S.K.: 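Pasting a structure below so you can have a look.
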Amino acid sequence: MAIRSPFREEKIMTMDKLKETKSYVPTTNPCKVCAPLGASLAVKGVEKGMGILHGSQGCSTYIRRYMISHFKEPLDIASSSFDEASAVFGGKDNLKAAILNVDRNYSPKLITLSTTCLSETIGDDVKAYCREFSGLTEAELIPVPTPSFAGAHLDGYYAAVHGIVKHKKRLESAGETSEKTGKKKNRQKINIFPSIYSPADIRHLKEIVSAFDLRAMVLPDYSATLDGEIWGEYIPISPGGTLLDDIAAAHLAEASISFSPYLPEERSAAAFLETSDGVTHHKLRPPFGIRGTDVFMSTLLSAKAVDEEGAVRFDLPQEFQEQRARLIDAYVDCHKYLFGKRAAVFGDADFVAGMAAFLDEIGVQPVICACGSPFGDFEPYLLDGLENTAPEFIGDDIDFKNLEEILSSIGADILIGNSKGYPISRKLNIPLIRAGFPIHDRVGGPRILHIGYSGAMNLLDKIVNTLLERRQVDSTVGYSYL
Ligand code: SF4
């Protein structure tokens, strides 16, 4: 990786350095959501999957409301609905009732049981309850520890994916599903574990692998369950999601691709499969922009193309060659509007790292790179993706108050992130480009394409047009040609 700024390390302000210079107060307006939300999102991407939150019903209501506002789809999340007695003596009976209710009303094939702050604090042993209650339902019960005081939505999301893969593998090892998996024809060659991407991104991931004529499992896959068609009648669990048979066969695939290279091994489903069954784990950066997408494409090429002698016999499909060429042409066309512009990016670690790398390749300086939750290796994750620019601030575990202070002192031409940044955008009069999750004040959040060459083209147009609109609005005379 080329680092062009000789003063880069000295010039970057980090959260630790900022803490030394500012008086710090407890979190104000967090730039993250809670861990059970991530787990609830992940299980929506599993065939006939249903989530129960073990705790008070407000957690479930809040998370449901939050997700429906973004996805604009019906979305049920059950709760074990703690009362005063269960908050003191434990919620085992409530959980049993919740499992029976969910089984009766939804007939799921798989249920995740995610803990909330309350059940974590009182120390309810959900893992033991799952073992005890497994005979109550045909569905597989999977405990997912999601204490929000120890993580945020991305942590809950990865915990659920990891828990589901590990659970299915354990069943396979115990011989409970091996017959089905063993007979399964056309088993996947590759497992793909995306980060929290939009349904449009997940659809595009599947289009890309199918253009390579590769059989792949994408887990989770909420591209249909959270962005589906209109129904004539109520359907308890939305159709779609990753097939349970495919998850059970994940350990038999040749390779896994994950898009969060700094995710600790103990929380990574792909790392688990590599350790347990030798499934090669390709840790890729987010497939944002040309560089990120090229690495993804070449990984697929190598999976597809190596014959017995190790010779490559497959080219990048024509449609992607054309998309890539058009994208380069658009980069050239737009460079005069973008070069030297300054952007502040905020959100999940994966989103910020992917977006910053994309900005770096189009000539925009990601001056502020702010991750809303604690993420140990955020700085190296971020810097690994930059070749031409250097941020002036990199920080994890920041809230919107921190972001506003930093933005006021550093300054930027555009803000890029979720819709929760709108109050800052309005106050500081900096345009906000809505991307990532959640988008609560616009329609189309689930349809925003971020990944691949097509996603890069979409983001490029949005960024350039936002900058041009600002110039046009700010102009005293106005103009029609740009
Ligand atoms: S109490 Fe905890 S789990 Fe429930 S909504 Fe709040 S942060 Fe999330």
Side-chain angles (χ1 to χ4, degrees), residues 25-44 49-71 75-95 97-99 101-102 111-127 129-130 141-164 196 220 222 226 267 346-349 371-375 396-402 418-420 436-438 440:
V25 291
T27 301
T28 310
N29 294 334
C31 183
K32 62 185 171 193
V33 205
C34 68
L37 182 144
S40 304
L41 176 60
V43 75
K44 287 301 292 181
M50 183 70 193
I52 296 178
L53 300 190
H54 187 44
S56 306
Q57 62 189 17
C59 305
S60 161
T61 307
Y62 149 67
I63 288 171
R64 219 162 43 82
R65 175 75 190 79
Y66 198 94
M67 287 169 67
I68 288 171
S69 175
H70 174 86
F71 290 106
L75 204 154
D76 290 357
I77 300 170
S79 168
S80 55
S81 199
F82 273 35
D83 55 16
E84 273 177 280
S86 36
V88 176
F89 301 113
K92 185 176 172 183
D93 291 343
N94 296 53
L95 190 60
I99 292 168
N101 273 338
V102 165
I111 303 173
T112 52
L113 299 125
S114 308
T115 47
T116 62
C117 299
L118 180 53
S119 55
E120 281 285 339
T121 304
I122 66 171
D124 252 4
D125 190 347
V126 173
K127 205 169 169 185
Y129 297 164
C130 281
L141 300 180
I142 303 178
V144 181
T146 44
S148 274
F149 42 78
H153 54 295
L154 194 58
D155 302 287
Y157 174 88
Y158 283 126
V161 174
H162 183 254
I164 291 167
I196 294 185
Y222 42 80
L226 291 178
R267 290 161 51 204
F346 62 93
D348 299 335
C371 169
S373 45
F375 195 99
D396 67 319
D397 199 17
I398 76 136
D399 60 25
F400 280 113
K401 189 169 191 311
N402 307 144
N418 59 61
S419 66
K420 298 297 181 192
F437 172 86
H440 284 162

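Nothing here was measured: the structure is a model prediction, and the numbers come from that model. Whatever order the structure lists them in is the order used to number ligands and atoms, beginning at 1. Worth knowing before you read on, the calculation uses all heavy atoms, side chains too, and leaves out hydrogens, waters and symmetry mates.
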S.K.: Any salt bridge between K32 and D397, counting N to O under 4.0 Å?
M.R.: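 Yes, charged N to carboxylate O under 4.0 Å.
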
S.K.: Tell me: protein heavy atom nearest atom 2 (Fe) of ligand 1, and distance?
M.R.: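 That would be C117 SG, 2.3 Å.
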
S.K.: Indicate, as side chain, backbone, both or neither, the part of Y62 found under 4.0 angstrom from ligand 1 when only non-hydrogen atoms are considered.
M.R.: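 Within the 4.0 Å criterion, Y62 contacts ligand 1 through side-chain atoms alone.
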
S.K.: Please check this pair: side chain of D124 against backbone of V126, looking for a donor-acceptor N/O pair closer than 3.5 Å.
M.R.: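 Not at all, since once roles are kept as given, no pair shorter than 3.5 Å links the two residues.
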
S.K.: Would you say atom 6 (Fe) of ligand 1 has a protein heavy atom nearer than 4.0 Å?
M.R.: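 When distances to the protein are checked, atom 6 (Fe) of ligand 1 has no heavy atom within 4.0 Å.
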
S.K.: So between C59, S56, C34, whose heavy atom ends up nearest atom 1 (S) of ligand 1?
M.R.: C59

S.K.: Counting from 1, what ligand 1 atoms have a heavy atom of T116 closer than 4.0 Å?
M.R.: 3 (S)

S.K.: Would you call the rings of H440 and Y66 parallel, tilted or perpendicular, taking 30° and 60° as the class edges?
M.R.: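 H440 vs Y66 ring planes: perpendicular.
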
S.K.: With rounding to the nearest 0.5 angstrom, report the NZ to OG distance, K92 to S80.
M.R.: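 K92 atom NZ to S80 atom OG measures 14.0 Å (nearest 0.5 Å).
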
S.K.: Taking T115 for the side chain and T146 for the main chain, is one N or O donor matched with an acceptor at less than 3.5 Å?
M.R.: yes

S.K.: In ligand 1, which numbered atoms sit nearer than 4.0 Å to a non-hydrogen atom of P36?
M.R.: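 Those qualifying, in numeric order: 3 (S).
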
